[in-house]
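Note on naming: letters A, B, ... go to the chains in the order of the sequence lines (proteins, then strands), and numbering restarts at 1 for each one.
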Amino acid sequence: MAEPQESDAQARSSIGSSELSTIATLRRGVELSPELRRGLGLTIVLAMIAAIGRVVIPFAVQQTIDRGILAPGGPDLDFVWMAIVAAAVTVGLTSIAQFFVNVRLFTAAESGLASLRNTAFRHIHNLSVLTQNTERRGSLVSRVTSDVDTISNFVQFGGLMLLISSAQIVVASLVMLFYSPLLTLVVYLCLLPLVLLVRRFQPMLGRAYGLVRVRVGDMLGAISESIVGAVAIRAYGVEERTAGRLDTTIEAHRKSAVKAQTRSVAAFTSGIVFTGLTTIVVLVVGTVMVTRDMLQPGELIAFLFLVQLFAQPVLMATEILNELQNAIAGWRRVIGVIDTPADVADPGGSGVVLPRGPITVDFDSVGYEYQAGKPVLFDVNLTIPPRTKVAIVGQTGSGKTTLAKLLTRLMDPSAGTVRLDGQDLRHIAFESLRSRVVMVPQEGFLFDQSLVDNIRFGRPDASDSDIDLALTELGLDAWVAGLPHGLATQVGQRGESLSAGERQLVAIARAYLADPDLLVLDEATSAVDPGTEVRIQRALEGLTTGRTSVAIAHRLSTAQAADVVVVVDKGEIVEVGPHADLVDAGGVYTRMFASWANQQEGV
Amino acid sequence: MTAARPVQPPKPDAAILREGLGIVWSGMRQEKRMITIAVIGAALWAAATVATSMAIGYITENIITPAAASGDVTGAALWSIFGLLGAILVANALGVILRRVWAVMAGFNLQASYRRRVTRQYLRLPLTWHHRHPSGQLLSNAHADIEATWMVFNPLPMAIGVIFMLAIAGTQMFFVDPTLALIGLLVFPLLFAANLVFQRYMSPRVTAAQQLRAQVSEVAHESFEAGLVVKALGREREEAARFDAATYALRDSMIRVGRTRGVFEPVIEAIPTLGTLAVLGVGTARVASGDLVAADVVEIAYLFSILAFPVRALGWVLAELPRTVVGHRRVSSVLQAQGSMEYGDVALAASGPARSESRNIEFGYQEYAAPEELGSRVVTTEKPGDVVPAIRGVHLDIPAGSTTALVGPTGSGKSTLSNIVVRLVDPDAGVVSLDGLDLRSIKQGGVTDAVALVAQQTFMFDGTVRDNVDLGLGMSDDEVSRALAIAHADEFVEQLPDGMDTEIGERGGSLSGGQRQRVALARAVARSPRMLVLDDATSAVDPKIEQDILASLRDSASGTTVLVIAYRMATVRLADRIVYMEDGAIQDEGSHKELMGRCTGYADLVSAYAREAAARAAIAADEEESHG
């Protein structure tokens, strides 16, 4: 399905939906959720039995009219009662079959979709887009929520109806054939144009619903801007402008939704028209057949019931197939994310497990580009011997953070190799890598939990006394004691009830608790006051003694304290050496340090 | 991790039904024209549906039976079948179109109009209100809850049509045969009652599933937002386990829904079928006794079969009502929220540096209140949490044209105070004034015209760089360029594919943190504000660039009062006066020299690096000595 909107969205989120056809999407979907297929055969058999229940009535009606009411020699009451009791028993049995169809279908669908969600969720954590493109996580969330919900809604309601409707079509066709093959042919001929029409409607509807999804996304974006940007909006008094933007997206969404619904009404109405026409044609042809003794009047009436029973599921099926397009669009998006190769995947069983101990790091001709042809880092060669404290300095945008992300394998280099103890980073088991290498990012995310739960995130099995000890060693005990409920303080969504600096303190406590062999600090203390920063630096030095550490810092006091300073400029390493050597070398670092020292003057 | 919220979904009892119908009625009145057309369509459809069965009964009696008897049928008779049923079919199709299209329009119009009203509230309500409500909840109020409220408009017109249909069919059955009609009188109320019981069992289960669905979404959202930390600490497996637990709970809940549906659906389908069989039995007896002809029995049996399915639309409406009620209550709690900022009508001077004074300022944060319980009757009253004092009795004078630095340790209340000074929030007690005028007496937009704040965490709108700098003021290229140059953003903006017209994506996603800060600075500078408040606004910028920015600010901001919050000494040193804060209170103020001499907290804070460097130098010297 060629959807310009979809490809737009794709360009924006860089993970699009798959390009598979409807059938291929279904096939791949079932492959990813094998539970959907499990026991499907029996469910179909049960659905056929359930459908028989619905066809029993016209059969009973016909039998009652022809052999009961119009029986030669007056109405045959005994026969009528017998037919009714038999029909009632059949209805009871088929109801039981229908119960099992419901339960089996829900169980299969929900189990299958739960697996699909979990697979997608786990996979997304392996995609570097999650850690790189921090601002576009919302679209990834929808892949494991609303997109799967669309499929779930379809499978539960549409899927059940589709199953029973198909069974009903088959059973009704068989009974119609039994009454009159000629009239059955008439019914099929009359409904053929409908089938062709539905095939034309479907892509149209698919596009319309695709557009609605895009519009919902735009609208949610605008609404969330008015919520998350509350401060900026008030600080600049741009309420009216924001309201204007909101109204535009709300109106665009309304229009697209009405348009899609109108199209689906058009499809539904054409179904009504064609089944109505079929009834008329059957009556006309049937009456002629009655005059030629090819059909009993009762049979014709029964046949009319059957047309109704045949047309109802056909109508239902057209409606469901429209919804199917919606579900397929959701499925494509989920499959799109799952089939995006995991660029930073765990090597799995073949992964190397490194023994613990001081780490050596090698960068071998490493390059990285976020966009093809625009490298942000090139030909980086660097060896960090074990037990070395390294400081990486450079201007904003020089590639420092990229270097840190490559070192911790938050992403893989576009060229060259990063090695830990001589082992290619890509071959090291995640479990082993993460226990040895920990990074403290500039903005450490806090979960909507208590402070102690957030600190324990660094090492889930840490005891309360481990945490107390870590806080004491970091000199953070006084800060914690000053919080309203100490360690039990709830930090709020994203830790919003703490200040930016306080959130950094939590991130450092986490890393401290994790006790890694290589600690990478990405401007981890940029938002705390100098007194606290110095205290933390001291504590971290204690932690990193005898280990390898890499710190990215604006404050060149960190560089002064390091064993080796690495100066990055415009994507290249321009200087490497101890502070004492570089400070008078007359290069980039000399200028940076002079400027920094200048700022510290007068204290 | 958000704990599962205890939810008591409302059962569809009489009170809920009444409330739900009240909401539906108010919606119908708001969209009177659309709904009238939809109801006319529904009536047309109902009449056409019943007419179909009457026509078939008529055709059986007057055309088919004679044709069977005579063995012949005229062309005219066949054409009359075509004409009669064809006309009814056209009416039916027209009815369906009117009913569905106009009902859909009414529903989406209502959704759109409530979305406009809710988002207006978001823009109007004060920041303190925003702080009390998690953003996820607000997003869902404006989207999912509004959808839930008006979803009922999808099945509603069909249900109204069914009521018409039952009235017409009931009357018709009575005319054909009152005895058979009695069966109808038994069957349809039974069907309705079964639907009611079904909804009573079903809706709490559906609501529970809905809650679990929201929880799956919350876990995913949080986990992806935490993506970097999860990866950096290798917690993927634990996160996957957390997500699995949420999805499995949802799965089990949905299977319970399926089981309930599995019990009721066949029962509800069987009732009209059994009714049809009863009609046949009783009908045959009455044909035998000569009270009825076969065609009458056929007609009523046919009526039953066409009513069986549409009658369920009544059940769909009943099923939607609890959701409607819950959605509406949640939306109403936003629409009825009070506490907008009050504005006066005083205008400030248009130019020249502003003077800010704060007297006896007290301010406390409310701790996060427990999330409002879904479906609880009282949603408009908010349980206030504990108040944590953040600012205690502060006096702060910022003379016109001065540069004042606000210094203090992490968490001392500097940002809170700056938000109060620019009236992002009103203090709990005390008065803040600008040019001697109480901020609350100044007309709306007056303060923001005079004062620009660059917050610690910058916010970028989805749009171009230019949009983000001028924010709809319609500035010239020159003005925007100048602002970008002052903020040292000109260089990187020029290198963007479309310069200042480059789209920067949601939240400015394609820019780095330092770049966003510089655009935010340009945004503030571009307004030539009479007072500029920089809340640690250069923390993500390199020291050298920061230095340059501050220098150009000083050159360009001659007519501006500046309040700056910073840790960097160079920034602090630019100030004429320094105010030192600790623990929500001002400890001291004066020049750098004065504070160094008498305020130990300040001296400790700003000399931390120097002392550190000195200590290191001493250690290095020691080592050298011992080695030497």
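Here the OG1-CE distance, from A/Thr107 to B/Met254, works out to 11.0 Å after rounding to the nearest 0.5 Å. Considering CD1 of A/Ile280 and CG of B/Leu89, their distance stands at 5.5 Å, rounded to 0.5 Å. Here the straight-line distance linking atom CE of A/Met439 with atom CG of B/Leu228 works out to 5.0 Å at 0.5 Å rounding. Atoms CZ and CG, from B/Phe82 and A/Leu277 in turn, are 6.5 Å apart once rounded to the nearest 0.5 Å. Within the model, atoms CG of B/Asn109 and CZ of A/Arg254 stand 4.5 Å from one another, a figure rounded to the nearest 0.5 Å.
With contacts defined as side-chain heavy-atom distances shorter than 4.5 Å, the pair B/Arg116/A/Asp247 qualifies. Side-chain contact between B/Thr119 and A/Ile250 is present, with heavy atoms from C-beta onward closer than 4.5 Å. B/His143 is listed as a side-chain neighbour of A/Val216, based on a closest heavy-atom distance under 4.5 Å.
Between the side chains of B/His221 and A/Thr145, no donor-acceptor pair of N or O atoms lies under 3.5 Å.
Taking all atoms of both residues into account, the shortest heavy-atom contact from A/Arg117 to B/Phe243 is O-CE2, 3.6 Å. Closest of all the heavy-atom pairs between A/Tyr236 and B/Leu471 is CB-CD1, 3.7 Å. The two residues A/Ala88 and B/Leu277 make their nearest non-hydrogen contact at N-CD1, 3.7 Å.
The part of A/Ala514 that comes within reach of chain B is its side chain, from C-beta onward, which places non-hydrogen atoms under 4.5 angstrom from that chain. Of the two parts of A/Phe457, the backbone and the side chain both hold a non-hydrogen atom closer than 4.5 Å to a non-hydrogen atom of chain B. Looking at A/Glu502, the atoms closer than 4.5 Å to chain B (heavy atoms on both sides) sit in the backbone and in the side chain alike. Only the side chain of A/Leu246 comes within contact range of chain B, judged by heavy atoms closer than 4.5 Å. Proximity to chain B is limited to the side chain of A/Met219, based on heavy atoms less than 4.5 angstrom apart. When heavy atoms are compared at a cutoff of 4.5 Å, A/Ser435 does not approach chain B at all. Contact annotation for A/Glu251: only side-chain heavy atoms (C-beta onward) come within less than 4.5 Å of a heavy atom of chain B. Within the 4.5 angstrom heavy-atom criterion, atoms from both the backbone and the side chain of A/Leu220 approach chain B. Looking at A/Ser226, both its backbone and its side chain come within 4.5 Å of chain B, counting heavy atoms on both sides. For A/Thr291, the parts lying under 4.5 angstrom from a heavy atom of chain B are both the backbone and the side chain. At a 4.5 Å heavy-atom cutoff, the contact between A/Val228 and chain B is made by backbone and side-chain atoms alike. No part of A/Val520 comes within reach of chain B, as not one of its non-hydrogen atoms sits under 4.5 angstrom from that chain.
Put simply, the side chain of A/Arg292 never gets that close to the backbone of B/Asp72: no donor and acceptor are under 3.5 Å apart. Between the side chain of B/Arg235 and the main chain of A/Gly458, a donor-acceptor pair closer than 3.5 Å is present. For the pair B/Glu236 (side chain) and A/His125 (backbone), a donor-acceptor distance under 3.5 Å is absent.
Stacking of B/Arg261 on the aromatic ring of A/Phe106 is not recorded, the 6.0 Å distance cut-off and the 45° axial limit not both being met.
Crowding of B/Glu238 atom CD: a count of heavy atoms from other residues, nucleotides or ligands under 6.0 Å exceeding 12.
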